[in-house]
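Here is the structure we will look at.
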Amino acid sequence: MIEVRYERGVYLPQQNLWLDPWDAKPFAFISHAHNDHVAPHEEIIVSQRTARLLKSRLPGRRIEHILPFGEKRRVHGLDLMLLPAGHIFGSAQCFLFLGNETLLYTGDFKLRPGKSAEQVQWREADTLIMETTFGLSRYRFPPTQQVVDQIVSFCRETIEAGEVPVLLGYSLGKAQEILCSLDGVGLTPMLHGSVYQMTRIYEQLGQSFCKYVRYRANDVAGKVLICPPSANRSHMLERIPRKRVAMISGWAVDPNAVYRYQVDAAFPLSDHADYDDLIRYVDFVRPRRVFTLHGFAAAFACDLRARGVEAWALTEQNQMELHLSAADNALPVDPCAEVSRTAESTQGSFHKQVSDTRSEFLAFAKVGEAIAATPAKLEKIRLLSDYLRELTSEQLPVITTYFTGRAFAQSDPRTLQVGWSVIVRTLQGATKIDDAAFHSIAARHGDTGKTAFEVLDARTTPRPFTIVESRELFESLHRARGPLAKAQLLQDRFSISSAREGQYIVKILTGDLRIGLREGLVEEAIAKAFDVPLDQVKQANMLLGDIGETAALALRNEVHQAQLSLFRPIKCMLATPLPSAESVWQRFVDVGDVDGGSALATQPAIFLEDKFDGIRAQLHRSADRVEIYSRDLRRITGQFPELVDQATNFQEKLIVDGEIIAFEEGRRLTFFDLQKRLGRKSDGEDLFARAAADVPVAFVAFDLLWLNGESLLRTSLRERRARLSEVRLPPQFQIAKVVSARSAAEIEQAFRQARRHLNEGLMIKDPESLYLPGTRGMFWFKLKKELATLDVVVVAAELGHGKRNNVLSDYTFAVRDETTGGLLRIGKAYSGLTDAEIAELTEHFKQNTLADHGRYREVKPDIVLEVAFNSIQPSARHASGLALRFPRIKAIRRDKNVDSIDTLQYAHELAARDAQIQQSVSPEVA
DNA sequence: ACTGATGCGTC
DNA sequence: GTCGGAC
DNA sequence: GTCCGACGACGCATCAGT
């Protein structure tokens with residue numbers, strides 16, 4: 001059997017041939033000239049017309065094998081033939097003769113005759129790889145002539161009403177099809193520039209059209225404007241006051257198309273096959289197996305299998321299964337499994353749980369609501385623990401993870417890439433609610449979860465949803481590539497979810513449960529539910545970074561088995577911020593008192609270290625492996641290859657805790673420099689070489705957690721430090737210097753010293769303390785101070801979210817530009833005000849609004865705030881060209897008015913000072 | 001090839 | 001990172 | 001004390017549209 005793979009494009013490994021790949025490849029077949037197929041490949045197979053169109057879309061040189069339709073040719077020892085696909089002008093299918101097997105790849109295609117595309121042709125083939133953009137039965141297009149008639153009457157009526165009809169269709173293919181449809185009906189088409197350009201190429205290749213004109217802004221009256229969809233709401237169209245816009249697309253059969261595209265009408269004229277034609281095509285080709293691609297690939301494959309045709313969706317996620325099936329002769333995972341399983345359960349051959357019609361996910365959501373309803377922590381814990389006890393061992397880890405506001409465990413690096421934007425679109429799509437109604441609901445809540453509830457309420461037809469299915473939903477959202485694919489998955493789920501279920505899906509997606517319960521209380525609930533000591537549960541969760549696995553261990557009474565081990569990162573110990581050296585010292589004196597008043601006298605001192613402005617990192621090293629983890633237990637090994645290289649030179653197996661800083665002798669590097677390396681993807685050695693050269697880093701170690709098989713978590717900091725000092729460090733590794741202190745004055749002095757070293761502040765640690773992962777206890781403190789404060793004036797206010805939904809809690813503020821006298825924005829903040837102050841300001845701003853834009857309003861600039869921050873630097877975010885790091889409101893300066901606020905010039909001075917302190921010096925480490 | 005919007009993770 | 005609020 | 005939630009700026013990746 002021919003091997004078929006999918007990796008952002010179909011790949012035939014045995015032939016080393018790519019079919020419509022997304023990325024540049026050495027050797028590829030390009031079915032047609034739409035942009036998503038255009039990449040700078042080295043060598044391509046194309047039809048003649050596609051070659052011509054490509055030339056205008058992607059200039060540059062490449063080797064082209066231009067094949068005529070219907071003739072068998074040999075390219076690189078490969079026998080193949082192109083067949084017209086009927087999709088757009090020049091679009092081709094690729095038919096391959098591979099020994100005694102044949103393969104037909106359709107590319108995009110349609111069966112209905114088009115007026116501007118060649119009529120499709122086909123041959124029988126053993127393997128069919130087909131596009132299934134419209135592979136759901138609800139996509140059945142009306143007869144073409146009927147749609148054309150509708151479009152024509154739309155245009156005529158619009159013109160008669162004295163308005164301009166605007167038809168939106170892709171500039172290549174769809175626009176020309178529309179143009180042909182208007183032939184002989186007495187209308188004059190006017191073409192947008194990009195449409196015009198493509199149409200001219202069609203003509204050069206022998207296609208003829210009715211008379212048309214090119215777009216001229218002052219000549220649109222009485223014409224039919226044909227534009228690409230991207231022109232909608234563009235400058236060009238906004239200049240036409242009286243118009244009606246229609247989208248021409250297969251998606252027009254969706255009842256909500258008008259809202260989705262923000263147009264006045266939508267007509268289902270498509271250059272793709274509809275559902276019925278997809279089915280017919282399979283009948284024509286009589287393949288032994290089918291691979292489906294694009295759109296509703298999985299659903300369509302499922303339908304084909306129901307018809308007795310072997311069919312699989314070709315997507316990234318099925319890759320592994322396909323591979324397995326070749327090797328093991330096992331069946332791939334069946335996307336129809338849900339269906340068959342329910343069928344089985346009705347015959348009584350399945351677990352009672354499956355046949356239970358009540359929705360498990362709804363039960364989960366209801367527990368969440370009950371927890372939200374009570375402010376009492378103990379009551380929350382009780383509700384949750386009762387629920388946890390009811391769950392199966394399979395459900396328990398999933399649910400406990402959900403209750404921490406996550407779809408995946410903390411130590412699980414997978415992300416969903418589904419945010420507010422995708423959620424909003426899918427809620428609209430699933431309910432077909434109109435824009436105005438949606439926005440009025442959304443504006444009322446400022447909470448995506450609540451919005452979801454109200455939007456979905458009574459607009460969906462709920463079906464039971466099991467916990468395991470919910471897990472699968474999140475997993476497939478993670479696997480799906482691109483917002484569109486994700487949106488489709490989510491929309492399908494919303495349309496069969498109850499309002500409450502949808503709300504909780506959204507809560508998990510956004511990571512905001514907002515039920516007053518998170519990891520800490522979940523730990524307590526697990527302890528209570530399974531009668532395990534709480535500290536063991538906490539310990540296990542710290543070590544595992546996986547509340548679900550912790551719960552599973554608790555259920556089996558095995559929590560004590562969790563142990564610190566190499567390559568299993570643990571949460572790091574955190575420090576509590578304190579405002580002054582005196583307040584820090586007070587903490588230790590108090591502890592001493594409890595201890596009989598003389599504890600400190602008998603102890604040498606407390607430990608002080610500089611606080612470095614970098615990224616907290618945990619480095620694990622064995623004899624043959626090194627990994628680096630971030631504060632959130634994410635593997636960041638790939639970002640720092642030179643540290644990994646150096647770490648192989650340690651003599652010991654160890655886990656060290658420290659900070660990675662941007663560092664080079666004689667050069668001032670900042671946190672922002674470091675950030676440049678952080679999000680970077682780790683493919684390509686060149687990239688590393690360059691990144692490392694740009695921003696050299698150092699690892700500053702300040703704690704040792706594990707050494708040669710021995711956990712040091714339960715030894716004192718003093719002991720850990722002693723052990724750390726004995727470790728031989730490779731280059732680029734340093735140990736943070738510790739000094740002792742015995743008074744507030746010494747702390748203050750060390751803090752100043754740290755700042756002189758250009759470090760962020762000071763860490764103060766109890767030398768006798770154990771390492772407590774994940775807690776911000778009273779053993780480590782940090783001392784940071786603001787760089788300066790600015791007096792600024794509030795120029796805009798926004799409604800908050802969640803519990804701040806009904807108050808204007810978000811303030812944008814400005815400084816004065818002395819040269820123009822104008823107010824220039826410099827930052828945003830709310831942090832620092834009490835609820836009462838926010839309430840008061842809300843009232844004030846409501847009465848002093850200059851312009852109301854819904855959730856956001858510009859306000860009269862008369863409230864002066866004193867804003868503190870840790871640094872100030874150039875930025876494009878705000879009009880002032882400056883931005884503040886960690887801005888917070890120190891005070892409302894009621895004694896001041898707009899005229900006495902600080903100036904842009906002063907802010908620039910601060911920024912200059914901030915940047916220049918450091919010119920030639922580099923921060924001191926040890 | 002460029003740009004803006006969105007999402008994520010760092011502080 | 002920051003901060004205030006609730007238990 | 002501890003946890004929770006509501007917020008800041010930045011840089012990079014990815015996608016979708018020019």
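The chains referred to below are lettered A, B, ... by the order of the sequence lines, with proteins before strands, and numbering in each begins at 1.
- For A:K803 and C:dA6, the shortest distance from a side-chain N or O to OP1 or OP2 is not below 4.0 Å.
- Close placement of the A:F588 and A:F781 rings is indicated, their centers lying within 6.0 Å of each other.
- Not one side-chain nitrogen or oxygen of A:K377 sits closer than 4.0 Å to the OP1 or OP2 atom of D:dG1.
- Note that A:R414 lies in the cation-pi zone of A:F408, set by a 6.0 Å cut-off to the ring centre and a 45° limit from the axis.
- The cationic group of A:K765 lies under 6.0 Å from the six-membered ring centre of A:F702 and within 45° of the ring axis, placing it in a cation-pi geometry.
- For the pair A:L574 CG and D:dG1 C1', the computed distance is 15 Å after rounding to whole Å.
- Between A:K676 and A:D673, at least one side-chain N (NZ, or NE/NH1/NH2) sits under 4.0 Å from a carboxylate O, which counts as a salt bridge.
- Only one option out of A:N870, A:T789, A:L833 pairs with A:R888 in a side-chain contact (heavy atoms from CB on, under 4.5 Å); it is A:N870.
- As a whole-Å value, the separation of A:N870 CG from D:dG8 P is 16 Å.
- Not one side-chain nitrogen or oxygen of A:T576 sits closer than 4.0 Å to the OP1 or OP2 atom of D:dG1.
- Distance, A:L578 CG to C:dC3 C1': 14 Å, rounded to whole Å.
- Nucleic acid contact for A:I889: none, since no nucleic acid atom lies under 4.0 Å from a heavy atom of the residue.
- Each of A:Y830 and A:L378 lies near DNA chain C, and the nucleotide nearest A:Y830 is the one positioned closer to the 5' end.
- Protein atom CG of A:D835 is 6 Å distant from nucleotide atom P of C:dA6, rounded to whole Å.
- The separation between A:I547 atom CD1 and D:dC3 atom P is 12 Å, rounded to whole Å.
- For the OP1/OP2 pair of D:dC10 and a distance below 4.0 Å, the side-chain nitrogens and oxygens of A:K828 include no atom meeting the criterion.
- Contact check, A:H801 against D:dG5: no side-chain N or O comes under 4.0 Å of OP1 or OP2.
- At the phosphate of D:dG1, OP1 or OP2 sits under 4.0 Å from a side-chain N or O atom of A:R587.
- Spacing between atom CZ of A:R514 and atom C1' of D:dC3 amounts to 17 Å, rounded to whole angstrom units.
- Counting non-hydrogen atoms under 4.0 angstrom, A:K507 reaches nothing in the nucleic acid.
- Atom C1' of C:dG1 sits at a distance of 16 Å from the matching atom of B:dC8, rounded to the whole Å.
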**OP:** Determine, for nucleotides 5-11 of chain B in 5'-to-3' order, which nucleotides have protein heavy atoms under 4.0 Å from the base (write B), from only the sugar-phosphate (write S), or from neither (write -).
**Re:** -SSSBBB
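- The pair A:D791-A:K890 does not meet the salt-bridge criterion, since no charged nitrogen lies less than 4.0 angstrom from a carboxylate oxygen.
- Here A:S875 lies in heavy-atom contact (under 4.0 Å) with sugar-phosphate atoms only.
- Counting non-hydrogen atoms under 4.0 angstrom, A:R877 reaches a base of the nucleic acid.
- Computed from coordinates, the A:L808 CG to D:dC7 C1' distance equals 15 Å when rounded to whole Å.
- Note: CD (A:E524) to C1' (D:dC4) measures 13 Å, nearest angstrom.
- Nucleic acid contact class of A:D512 (heavy atoms, under 4.0 Å, all strands): none.
- OP1 and OP2 of D:dA6 both lie 4.0 Å or more from every side-chain N or O belonging to A:R804.
- Using a 4.0 Å heavy-atom cutoff across all strands shown, A:K380 reaches no nucleic acid atom at all.
- For A:E837 and A:T834, the side-chain atoms include at least one donor-acceptor pair closer than 3.5 Å.
- Aromatic ring centres of A:F699 and A:F612 lie farther apart than the 6.0 Å criterion allows.
- Contacts of A:L833 with the nucleic acid, taken as non-hydrogen atoms under 4.0 Å apart, involve only primed sugar atoms and P, OP1 or OP2.
- Taking 4.0 Å as the cut-off between side-chain N and carboxylate O, A:E519 and A:R406 count as a salt-bridged pair.
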